[in-house]
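Values reported hereafter were calculated over all heavy atoms of this structure, with side chains retained and with hydrogens, waters and symmetry mates removed. Predicted, not measured: the structure shown is a model, and the values here were computed from it. Below, read A as the first sequence line, B as the second, and so on, with proteins coming before strands; counting in each chain starts at 1.
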4 protein chains.
Amino acid sequence: MPEHRPSGDDGPPLRADAQRNRARILNAAETVFAELGANASTEEVARRAGVAIGTVFRHFPTKNDLLAAIMKQLLARLVAEAGELNGPAGLFEFFERLVAQAAEKRSVVELLARAGMDLRLPDAVGRLEQALGGLLAQAQAGGTVRPEVALPEVMALLISVCQGALHGGWEEGLQKRTLGVIFAGLRPAAG
Amino acid sequence: MPEHRPSGDDGPPLRADAQRNRARILNAAETVFAELGANASTEEVARRAGVAIGTVFRHFPTKNDLLAAIMKQLLARLVAEAGELNGPAGLFEFFERLVAQAAEKRSVVELLARAGMDLRLPDAVGRLEQALGGLLAQAQAGGTVRPEVALPEVMALLISVCQGALHGGWEEGLQKRTLGVIFAGLRPAAG
Amino acid sequence: MPEHRPSGDDGPPLRADAQRNRARILNAAETVFAELGANASTEEVARRAGVAIGTVFRHFPTKNDLLAAIMKQLLARLVAEAGELNGPAGLFEFFERLVAQAAEKRSVVELLARAGMDLRLPDAVGRLEQALGGLLAQAQAGGTVRPEVALPEVMALLISVCQGALHGGWEEGLQKRTLGVIFAGLRPAAG
Amino acid sequence: MPEHRPSGDDGPPLRADAQRNRARILNAAETVFAELGANASTEEVARRAGVAIGTVFRHFPTKNDLLAAIMKQLLARLVAEAGELNGPAGLFEFFERLVAQAAEKRSVVELLARAGMDLRLPDAVGRLEQALGGLLAQAQAGGTVRPEVALPEVMALLISVCQGALHGGWEEGLQKRTLGVIFAGLRPAAG
DNA sequence: AATGAATGAGACTTCATTCAT
DNA sequence: AATGAATGAAGTCTCATTCAT
């Protein structure tokens with residue numbers, strides 16, 4: 001009975017070495033996919049993780065499973081990050097952080113993009129939306145964001161701007177000005 | 001051995017049939033990559049173009065060359081489209097059209113994304129920027145866009161939102177509301 | 001438009017070199033599978049055929065397709081052989097020849113065995129049954145085989161005894177005596 | 001490092017749990033190979049036996065060893081079965097039982113087939129031949145089988161017809177009629 | 001110029017076997 | 001003795017690219 005962990009159930013706890021390898025693989029995969037894009041080879045992941053190819057497939061029986069796992073980890077991290085933010089400016093802060101990450105971590109976005117496609121991660125994505133919803137509510141309560149703005153377009157803007165940052169390779173100033181426009185669009189009209 | 005047309009030079013004019021084939025291949029490629037994504041097989045392109053695989057490689061010695069050519073064609077089309085638009089609302093109109101296309105034409109964006117990477121198309125992109133700059137100037141002249149807004153962030157927003165539309169699969173309403181936020185961010189503060 | 005020839009249609013005639021390679025591959029495959037059994041590797045087939053692995057897969061997109069093709073060729077050969085035989089002793093002669101072949105050609109049987117399974121060759125098998133039926137009728141007409149004996153059991157005996165010869169590695173004498181029992185069972189009781 | 005039992009020697013007696021495991025593995029293997037064929041995975045065997053993969057390899061250092069063990073067990077069972085039969089019709093009865101089993105137990109035959117090949121089981125096979133010899137003698141003594149018929153061809157017929165039954169998937173009627181021909185061939189000529 | 005067959009590196013995946021726990 | 005994680009060779013198949021026709 002090997003260890004695949006498709007989603008919720010944890011099964012018996014992994015042996016220490018297996019856990020270590022699983023983590024290493026996940027990290028290597030994140031790096032590799034970030035550098036080479038989503039169709040980097042699984043062998044490369046194995047090489048960087050310092051394990052044999054078979055080990056990767058023991059933990060993630062399919063390349064897609066590996067991608068899904070990275071994605072899940074990534075989304076969880078984002079949710080956690082969102083959870084730490086508070087107050088009316090939290091939403092904007094979140095945008096900034098994410099975009100900054102996107103600039104360096106190709107996978108953040110490339111994978112986010114596939115979330116709705118081959119990979120099936122509805123709940124993980126759902127949790128992110130929820131967290132984002134919280135930030136939006138706070139921002140609207142604090143008067144930082146117009147009340148008519150709804151969650152879907154905020155999500156859409158977030159993803160868009162991450163993609164843009166990723167593929168465009170924005171330098172710092174550009175990133176700030178681009179977000180500036182979006183933030184201005186979210187704020188209530190100066191009265 | 002002529003006939004590759006890496007970029008500027010035209011060389012001897014192509015034979016009529018060769019010209020026809022080149023066009024067919026380009027069209028087929030656009031369709032195929034739009035449908036199957038950027039790593040659809042070159043054979044599939046040949047099949048749809050109704051030519052043999054060798055012919056594709058005679059015209060485009062590398063798959064990347066083919067992608068670059070599509071990109072170039074696409075950008076030219078966008079420039080033309082931008083040229084037809086006028087007045088203070090032209091910029092917004094352009095955004096809307098592009099996003100609408102992105103929703104259907106996968107390649108529009110997937111390729112746009114690679115513009116800065118493996119593919120080298122500085123001049124084609126430059127021309128698009130120029131056209132966009134014209135629209136921006138008109139919008140600012142007409143008071144539709146704040147004067148502080150500069151071309152790079154407009155370009156960045158355009159690309160971002162196209163990517164978002166592509167990967168998110170936005171329905172009509174969402175697309176309108178998302179663009180609404182961006183347009184609000186571009187407009188002068190209501191005074 | 002490559003050349004796969006799933007079954008009936010011939011499509012455009014293969015180029016001379018392709019035809020030569022196809023034949024080489026088929027021959028190599030027959031040999032290899034005969035020697036190493038049905039799960040010998042496709043690479044080995046390619047090696048013996050003196051072509052690259054890709055060539056094998058161009059002609060037979062799947063290993064199963066290759067097996068099916070061999071099988072078809074084999075059955076056709078058997079049908080032809082059956083067609084050459086005549087008279088009341090033809091059936092027995094056919095048995096003998098087949099068993100003799102089985103002793104050397106592992107595939108003759110191993111593949112025959114899979115005829116009803118993964119490989120789908122109903123018509124090819126059907127033609128063999130038809131030919132065998134002809135021999136049976138002649139034998140019964142000539143009084144060499146009892147009239148109650150029907151085609152299915154003759155087919156069953158033929159396959160059985162081929163399998164047996166294959167896996168048992170019968171020497172000449174044993175083969176003769178074994179068939180002797182079966183022939184005795186087919187003949188009318190001595191009156 | 002004890003516990004492999006290549007053939008004759010027994011070594012120190014196995015611990016109770018080890019013995020139990022050995023039996024479980026053997027049973028699981030028989031089932032699995034019967035269902036999935038001889039190249040089912042060893043992991044599957046372990047899974048069904050409810051032990052870890054390492055345990056399987058501790059008991060049977062090689063997959064082939066496992067196959068050999070199954071074979072041995074199977075042959076022993078056949079010998080026992082043959083021992084229970086008596087009288088002039090015993091031989092025919094034995095044929096019928098075996099063929100019936102073959103229809104359901106894929107391994108019975110698939111393994112029998114390999115008896116002479118990679119697996120080395122001369123004595124086990126020898127004992128089966130001996131038992132079969134007994135039945136043959138009785139049948140000949142009782143006048144059910146012609147005196148010229150010798151053991152090797154009986155063995156050959158048995159194996160052949162098992163193979164045929166296995167791969168052909170005979171229905172009941174066909175099985176009966178096929179054996180009918182063979183029995184007729186074994187019986188003394190009427191008269 | 002076009003054709004399409006051939007090439008061969010490389011992708012994903014499986015599985016017998018070894019070895020640390 | 002048992003466990004189960006790790007190994008890595010090997011298998012099937014894909015596809016960009018080359019080259020004989």
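Remark: E:dA20 base-pairs with F:dT3. Criterion, Watson-Crick or G-U wobble with two distances under 3.5 Å. Under the Watson-Crick or G-U wobble criterion, with both distances below 3.5 Å, F:dG8 is paired with E:dC15.
The residue A:Thr55 sits close to a base: some heavy atom pair falls under 4.0 Å. Among the atoms of the strands shown, only primed sugar atoms or phosphate atoms (P, OP1, OP2) are found under 4.0 Å from some heavy atom of A:Thr42. D:Ala16 comes within 4.0 angstrom of nothing in the nucleic acid, heavy atoms only.
One atom, CD1 of C:Ile25, and another, C1' of E:dT7, lie 12 Å apart when rounded to the nearest Å. Between the P atom of E:dA9 and the CZ atom of C:Arg58 lies a distance of 19 Å, rounded to the nearest Å. When the P atom of F:dA2 is taken as reference, atom CZ of D:Phe60 falls 11 Å away, rounded to whole Å. Look at CG on B:Asn21: it is 9 Å from C1' on E:dA1, rounded to the nearest Å. D:Ile53 has its CD1 atom 18 Å from the P atom of E:dA20, to the nearest Å. One atom, CZ of D:Arg22, and another, C1' of F:dA1, lie 15 Å apart when rounded to the nearest Å. Computed from coordinates, the A:Gln19 CD to F:dG4 P distance equals 15 Å when rounded to whole Å. Residue B:Phe57 contributes atom CZ, which lies 14 Å from atom C1' of E:dA6 at whole-angstrom precision.
Of all non-hydrogen atoms in D:Lys63 and D:Phe57, the two that sit nearest each other are N-CE2, 4.4 Å.
Along DNA chain E, the nucleotide nearest to D:Lys63 and the one nearest to A:Ser41 differ in position, and the one closer to the 5' end is contacted by A:Ser41. When each of B:Asp17 and C:Arg20 is assigned the nucleotide of DNA chain E with its nearest heavy atom, B:Asp17 is the one assigned upstream, toward the 5' end. When each of D:Ala18 and A:Ala18 is assigned the nucleotide of DNA chain F with its nearest heavy atom, D:Ala18 is the one assigned upstream, toward the 5' end. Toward the 5' end of DNA chain F, the nearer of the two residues B:Ala40 and A:Val56, judged by each one's closest nucleotide, is A:Val56.
Looking at B:Val45 and B:Ile53, their side chains never come closer than 4.5 Å, going by heavy atoms from C-beta outward. The shortest distance between side-chain heavy atoms of A:Gln19 and A:Arg22 does not fall below 4.5 Å.
Across F:dG8, F:dT3, F:dT12, the shortest atom-to-atom separation from the side chain of D:Val51 is found for F:dT3. In this structure, the nucleotide among E:dT13, F:dT12, E:dA2 sitting nearest to the side chain of B:His59 is E:dA2.
A salt bridge links D:Arg48 to D:Glu35: one of the charged nitrogens lies within less than 4.0 Å of a carboxylate oxygen.
Atom OG1 of C:Thr55 sits about 10.0 Å away from atom CZ of C:Arg24, to the nearest 0.5 Å.
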